[in-house]
Chemist: 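Below you will find the structure I want to go over with you.
Below, read A as the first sequence line, B as the second, and so on, with proteins coming before strands; counting in each chain starts at 1.
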Amino acid sequence: MKLSKNFTNPLAANNPVIVQILGICSSLAVTVKLEPALVMGLSVTFVTAFSNLVMSLLRNGVPSRIRIIVQLVVIATLVIVVDQFLRAYMYDVSKQLSVYVGLIITNCIVMGRVEAFALGNKPWDSFVDGLANGFGYAFILVLIAFFRELFGSGELFGFEILGDWYTPNSLMLFPPMALIIIGCIIWVHRSINKDLQEK
Amino acid sequence: MAINKNSNAYIIIYTVVMVVIVGSMLAFVATWLKPTQDANVLNEQKVSIMKAFGEADANFDEVVTMGRVTDGELTVVDKADKAAVKSVFDLLRNRKNLSEATTDLPIFVYVKDGVTKYVLPIVGKGLWGDIWGYVSLQQTEDNVVITGIVMDHAGETPGLGAEIATEPIQKLFEGKALYNADNEFAVRMQKGGAQNEHQVDAITGGTKTCDGVNAMLATSIGKYESFLRGAEVEAEADTEECACCEECCAEECCEATAEECYAECEANVEPVNVEEE
């Protein structure tokens, strides 16, 4: 019961991007097309899940005075591993993502979950929490990228969807449009979840 | 025995152990994946070169001859010699060394339907960082013409300078002759629009990047000038040599190089005969 709530909560009601407003920077940068957005989402998911797992396993041994440093080392290691794998096996995508893979280290979602959840919970719960938060992030990224690629280039995953009659709207390809789309998603989300509305 | 987890000794040991474990893990991953990553970069270079030739679908390894140019002389790199091939691509990857190199300049030759095209690497500085690419050139009777160009950049302004990496801008360069009537290098991106047949329109708002492109083209291609312009003369010299050789063979006068002579005659005699008939 608790586990499933752990998993579903970050997907919608407590989504890291649209409720906690974390990880906005990369959501603007890598959502021009679906493919990099999806890869970025999965990379962050991998990092949040495993950094949560590792930190939860280490939580009783970490000296509290250096725990932030230990967290950073664990997260940075995972990010470098992801980066190296992308460079080896998904070279084109890794070029499109450029510095943003490395910047996962600074993504507040990752460190936020480690500090707020993994240090106080058992490994399996922490792993699920990391996975769910990563998916919550990935879901929003893919949603934004869907609109941006569809209306910005008339394509989805590089395949032409809208025909020649559609003139691509290049405004969709610029970061400000991603921010506007996030705004719209938050608007829709809050009008459904009325308890999130600020009085 | 209770361990004091906040004691300095514990913290130092913890840190050292952690760093050793993480360090060896990362070293292992990096070493393990390096060959695949290098292959990706190499493949990208080959694809860019083929794009510059305008033959994006052709297989680089099958159709392109690699060479190096020193003082206007082309030396062909034997493709079977892996170390030599690697040294060419390593040089392409190291943009600083490439921009400083004056001898052993890499060049790629592609002959199709009797037309010889050369691709040269170009490197320069844009507004924010490096710009680089490949330019494909073809010799005409009295000039050298750009047949294709690909350019990329490290961090030019999106929508302005970064446009140099897009096809519409690169298409503008096709068919431009390098040298004007005064034998000066004349291809450039001209602010305010092209003024003559050597110039192309610059990018509005990307003037500094365009200046970088101009400098890149002038210096990078300039290093090959003696080769590019000398090759015509050399081609004529070749035919003369052949004619001479042919006589030689007929008269059996050049015993010293008889073998080369026969080989060359066999390779060249036929077209000459056809013309005579």
Chemist: Against chain B, label A:Phe85 side chain, backbone, both or neither, depending on which of its atoms sit under 4.5 Å from a heavy atom there.
Modeler: both
Chemist: If you tally heavy-atom pairs under 4.5 Å against chain A, which of B:Val22, B:Val29, B:Thr15, B:Asp38 wins?
Modeler: B:Val22
Chemist: How about B:Lys5: does its NZ atom have over 12 heavy atoms from other parts shown lying under 6.0 Å from it?
Modeler: yes
Chemist: So which part of A:Val62 gets closer than 4.5 Å to some heavy atom of chain B, the side chain, the backbone, both or neither?
Modeler: both
Chemist: Specify whether A:Phe151 and A:Phe147 have parallel, tilted or perpendicular ring planes, treating 30° as the upper limit for parallel and 60° as the lower limit for perpendicular.
Modeler: parallel
Chemist: Assess, by modelled atom type and distance only, whether the side chains of A:Asn14 and A:Gln20 contain a donor and an acceptor separated by less than 3.5 Å.
Modeler: yes
Chemist: Between A:Asn9 and A:Lys5 (side chain of the first, backbone of the second, donor and acceptor by atom type, cut-off under 3.5 Å), is there such a pair?
Modeler: no
Chemist: Heavy-atom pairs under 4.5 Å with chain B: which of A:Val73, A:Asp92, A:Val81 has the most?
Modeler: A:Val73
Chemist: Check whether B:Val19 gets within reach of chain A through its side chain, its backbone, both or neither, counting any heavy atom under 4.5 Å.
Modeler: neither
Chemist: Tell me, for B:Leu26 versus chain A, whether the close heavy atoms (under 4.5 Å) come from the side chain, the backbone, both or neither.
Modeler: side chain
Chemist: Please determine, by modelled atom types, if B:Thr147 and B:Gln138 share a side-chain donor-acceptor pair under 3.5 angstrom.
Modeler: no
